S.K.: 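Can you read through this structure? Questions will come right after.
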Amino acid sequence: MSGAARQLAAPAGAPATGASLVRAAALLLLAASGAWLLARGLSEPQVALCFAVMVTVGEAVRFGLPGERGHAPLGAAAGLAYALLGPLHGLPTSHGVLQVVAVAGTGTVLGAGLRLAVRAARRGEARRVSVPRPRHAAGRGRPAHPVREPRARRARLLPWMAGRLAGGWADGAARRLLAVGFAATLFQPLYTSGALDRLPLAGPAYGAFLVAVAALAGLADAVLAALQQPGGRFGAALEEQLRALPGIGSAIAATGMLISLAAGEVGLWALPVFCVPLLLAQTSFRRAAAVRATYGQTIATLARATEVAGYTAPGHARRVADTACALGRELGLGVQELALLEYAALMHDIGQLSLVEPVPAGATALLPEAEQQRIARLGSEVIRCTGVPAPVAEQVARSADPLTGPDGRADRSLPLAARIIRVANAHEDLVGPAADGAAALRELRARSGLSYDPVVVAALERLRAAGLGPCTVARAASG
């Protein structure tokens, strides 16, 4: 088993999760396809090679949007086109389901390896540029010591590559492979058995059939992506994935169908011709990803203004945002909602810049509620002038409001994100980065139902019991 293939499996001893089950299923399917291919041989090798090359190129140039799962539009479209490929230039094909999976899987692994090799080469080049040249021995013109790469550096290279593969890539690759296998299962048996010829699927009806298969494959991809989401909130995760389907997913499905239809008339030339528009669209998505990354960095830098000015402790905003995002995941928020929550949590203390005297240790949770609300409203007014989405300013403005209103009833207009930020900020103020959290949890629990949402406090207790980890929703590139 290759190192890349090993990353599709769950780590030894790790509990079974939806993501690990999807990886295991993809690995089993890939192994079965490889065994079948070794036993039966490759059908139409030239066609298989062309599609494998296209999947490899697509996987090598895949991209990720901040806070979203990685995308490989070109590779996914090529895999889907091979799964839906019927006649080629007027001649029937007979590659079947398992060959589709084997070709798509091989291209995916080769593309990932190529991408990592390029990145490792760039990484090594950057280090060579930053390291000064060794001193030469006097009067000789040759180095005093031979230049050798340290063993430790070489030893770190393989874990670095394995870590990259074990990240979002393995989940995305497993999902794409299973979706392609599902589409091939729906199409290839009907085509190779001749059932499609006996059905009235000529002309537009044949195109509608391909649309239906591609739509079901997209739905399967969304279900698998929802299963891979941590936190066990399958319903919310599936809704988020279905909402994202009409975007890049529709372009992938349309390109895959066009290639399979056009290949029946013009042959393999359909591959490069119909992949060009998708490649241009991918370039636009890359630029959008760069803009979003810059946007997130600008917000993070703005949030550090209170730390630089001495109003809050170093790293306070980042820690509150991490806790808030972890709580949001636990409570089932979607990717977009988590990104807005992270922005609001990062900037929740901007209002402190208007204070003449800093709050001791920047702990606003220890102030009277009226003062907390005044600081939050001032921060919200600043945020409204920065161009961030309007919900961010609203969440900051309401982040100091107690759960219950003046009539003693729960304020139903209070956004969940604001309730999360309030608990995350209070937890940070009461605990501090290095102190024991038991006393802070007791304090939060004592005021639960009045100042703090008991649902959020309970989620925090679960996360603390499980080991609260950082959340990198909006700042990490996936895939």
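The structure presented is a predicted model; accordingly, all values stated were derived computationally and were not measured.
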S.K.: Just how far is it from atom CG of Leu338 to atom SG of Cys325, taken to the nearest 0.5 Å?
M.R.: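 Going from CG on Leu338 over to SG on Cys325, the span is 6.0 Å.
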S.K.: The test is side-chain hydrogen bond (donor to acceptor under 3.5 Å, both in side chains); show your working for Glu428 and Asn425 and say whether it passes.
M.R.: CA-CA 5 Å; Glu428 169 67 17; Asn425 180 59; over 6 Å; no
S.K.: Side chains of Val101 and Leu178, heavy atoms from C-beta outward: is any pair under 4.5 Å?
M.R.: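 The answer is no; the side chains never approach within 4.5 Å.
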S.K.: Check salt bridge (Lys or Arg N to Asp or Glu O under 4.0 Å) between Glu307 and all other residues, then give those that pass, not counting sequence neighbours.
M.R.: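 Once residues adjacent in sequence are excluded, the partners of Glu307 under the salt bridge (Lys or Arg N to Asp or Glu O under 4.0 Å) criterion are Arg304.
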S.K.: Could you list the residues that satisfy side-chain contact (heavy atoms from CB on, under 4.5 Å) with Thr108, not counting sequence neighbours?
M.R.: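 Scan of Thr108 (side-chain contact (heavy atoms from CB on, under 4.5 Å), adjacent residues dropped) gives Val55, Glu59, Trp169, Ala173.
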S.K.: For Asp453, give me all partners under side chain to side chain donor-acceptor pair (under 3.5 Å), at least two apart in sequence or on another chain.
M.R.: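 Asp453 satisfies side chain to side chain donor-acceptor pair (under 3.5 Å) with Arg419 once adjacent residues are dropped.
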S.K.: Stepwise, does the side-chain contact (heavy atoms from CB on, under 4.5 Å) test hold for Glu371 with Leu355?
M.R.: CA-CA 11 Å; Glu371 184 64 10; Leu355 302 178; 4.0 Å; yes
S.K.: Using the side chain to side chain donor-acceptor pair (under 3.5 Å) criterion, which residues pair with Thr306? Sequence neighbours excluded.
M.R.: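 Listed in chain order: Thr312.
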S.K.: Please find the pair of heavy atoms, one from Ala317 and one from Leu346, that lie closest to each other, and give the distance.
M.R.: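 The answer is CB-O, 3.4 Å.
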S.K.: Begin with the C-alpha distance, continue with both residues' side-chain angles, and end with the deciding distance and a verdict on side-chain contact (heavy atoms from CB on, under 4.5 Å) for Arg422 and Arg398.
M.R.: CA-CA 9 Å; Arg422 181 168 173 79; Arg398 304 294 308 274; over 6 Å; no
S.K.: Kindly determine whether Phe187 and Leu210 satisfy side-chain contact (heavy atoms from CB on, under 4.5 Å), including the steps that lead there.
M.R.: CA-CA 8 Å; Phe187 180 83; Leu210 292 184; 3.6 Å; yes
S.K.: Are any non-hydrogen side-chain atoms of Val456 and Leu416 less than 4.5 angstrom apart?
M.R.: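 Of all side-chain heavy-atom pairs linking Leu416 with Val456, at least one is under 4.5 Å.
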S.K.: One pair to check against ring-ring contact (aromatic ring centres under 6.0 Å, His included): Tyr295 and Tyr343. What are the steps and the verdict?
M.R.: CA-CA 10 Å; Tyr295 187 70; Tyr343 293 158; 5.7 Å; yes
S.K.: If you apply the rule side-chain contact (heavy atoms from CB on, under 4.5 Å), what do you find for Asp411 with Leu403, and how did you get there?
M.R.: CA-CA 6 Å; Asp411 186 357; Leu403 178 67; over 6 Å; no
S.K.: Could you check whether any side-chain heavy atom of Leu327 comes within less than 4.5 Å of a side-chain heavy atom of Leu463, counting everything from C-beta outward?
M.R.: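 Yes. Closest side-chain heavy atoms under 4.5 Å.
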S.K.: Look up atom CG in Leu366 and atom CD in Gln372, then write down how far apart they are to the nearest 0.5 Å.
M.R.: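 So the CG of Leu366 and the CD of Gln372 are separated by 8.0 Å.
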S.K.: Might you work through the salt bridge (charged side-chain N to carboxylate O under 4.0 Å, His left out) test for Glu342 and Arg318, ending with a clear yes or no?
M.R.: CA-CA 9 Å; Glu342 183 177 33; Arg318 183 71 262 169; 2.3 Å; yes
S.K.: Please answer whether the main-chain N or O of Val103 pairs with a side-chain N or O of Thr106 as donor and acceptor at a distance below 3.5 Å.
M.R.: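 No, the answer is negative, given that no donor and acceptor are paired below the 3.5 Å cut-off.
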S.K.: List the steps, then state whether salt bridge (charged side-chain N to carboxylate O under 4.0 Å, His left out) holds for Asp401 with Arg377.
M.R.: CA-CA 10 Å; Asp401 291 356; Arg377 302 289 194 275; 3.3 Å; yes
S.K.: What are the two closest non-hydrogen atoms of Ala344 and Val396, and how far apart are they?
M.R.: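 Answer, listing the atom of Ala344 first, then Val396: O-CG2, 3.6 Å.
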S.K.: If I take atom CG from residue Leu177 and atom CZ from residue Arg175, how far apart are they, to the nearest 0.5 angstrom?
M.R.: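 Rounded to the nearest 0.5 Å, the CG-CZ separation comes to 11.5 Å.
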S.K.: Let me confirm one number: the CD-CG distance from Gln352 to Leu367, rounded to the nearest 0.5 Å.
M.R.: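 Nearest 0.5 Å value for the CD-CG distance: 8.0 Å.
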S.K.: Any non-hydrogen side-chain atom of Leu227 less than 4.5 Å from a side-chain atom of Leu21?
M.R.: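 No - every pair of side-chain heavy atoms lies 4.5 Å or more apart.
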S.K.: I want to check something: taking the side chain as every heavy atom from C-beta on, are Pro277 and Thr255 in contact at a cut-off of under 4.5 Å?
M.R.: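 They are not in side-chain contact.
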S.K.: Taking NZ, NE, NH1 and NH2 as the nitrogens, is one of them in Arg447 or Glu443 under 4.0 Å from a carboxylate oxygen of the other?
M.R.: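 Answer for the salt bridge query: yes.
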S.K.: Could you work out, with side chain to side chain donor-acceptor pair (under 3.5 Å) as the rule, every residue matching Gln99, not counting sequence neighbours?
M.R.: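 Partners of Gln99 by the side chain to side chain donor-acceptor pair (under 3.5 Å) criterion, ordered by chain and then number, come out as Tyr82.
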S.K.: Determine, for Arg464 against Glu461, whether the closest basic-nitrogen to carboxylate-oxygen distance falls under 4.0 angstrom.
M.R.: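 Salt bridge between Arg464 and Glu461, a charged N being under 4.0 Å from a carboxylate O: no.
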S.K.: Testing the basics here: between Leu278 and Ala77, what is the closest heavy-atom pair and its distance to 0.1 Å?
M.R.: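 Closest approach of Leu278 to Ala77: CD2-CB, 3.6 Å.
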S.K.: Do Val359 and Tyr311 come within less than 4.5 Å of each other through their side chains, counting heavy atoms only?
M.R.: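 No; the side chains remain at least 4.5 Å from each other.
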S.K.: For residues Leu444 and Ala426, report the shortest heavy-atom separation together with the two atoms involved.
M.R.: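 Shortest heavy-atom separation between Leu444 and Ala426 comes out as CD2-CB, 3.8 Å.
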S.K.: When you compare the side chains of Glu369 and Ser451, does any donor N or O come within less than 3.5 Å of an acceptor on the partner?
M.R.: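 Per modelled atom types, Glu369 and Ser451 side chains form a pair under 3.5 Å.
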S.K.: Roughly how far, to the nearest 0.5 Å, is CD of Glu394 from CD1 of Ile383?
M.R.: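 Going from CD1 on Ile383 over to CD on Glu394, the span is 11.0 Å.
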S.K.: Starting at CD1 of Ile375, measure out to NE2 of His348 and round the result to the nearest 0.5 Å.
M.R.: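 The CD1 atom of Ile375 sits 10.0 Å away from the NE2 atom of His348.
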S.K.: Can you list everything that forms a ring pair (Phe, Tyr, Trp, His ring centres under 6.0 Å) with Tyr452? Sequence neighbours excluded, please.
M.R.: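 Tyr452: no ring pair (Phe, Tyr, Trp, His ring centres under 6.0 Å) contacts found.
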S.K.: Which heavy atom in Ala376 sits nearest to a heavy atom in Ala400, and how many Å separate them?
M.R.: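 What the structure gives for the nearest pair is CB-CB, 3.9 Å.
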S.K.: Do side-chain atoms of Arg62 reach the backbone of Ala72 as a donor and acceptor pair under 3.5 angstrom?
M.R.: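 Here the side-chain-to-backbone pair does not exist.
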S.K.: Looking at Glu330 and Ala459, what are the two nearest heavy atoms and their distance?
M.R.: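 Answer, listing the atom of Glu330 first, then Ala459: CG-CB, 3.8 Å.
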S.K.: So does Asp171 pair up with Arg176, basic N to acidic O under 4.0 Å?
M.R.: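 No, no charged N to carboxylate O under 4.0 Å.
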S.K.: Determine whether Leu114 and Leu110 make a side-chain contact, defined as any pair of heavy atoms from C-beta on separated by less than 4.5 Å.
M.R.: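 No, side chains not in contact.
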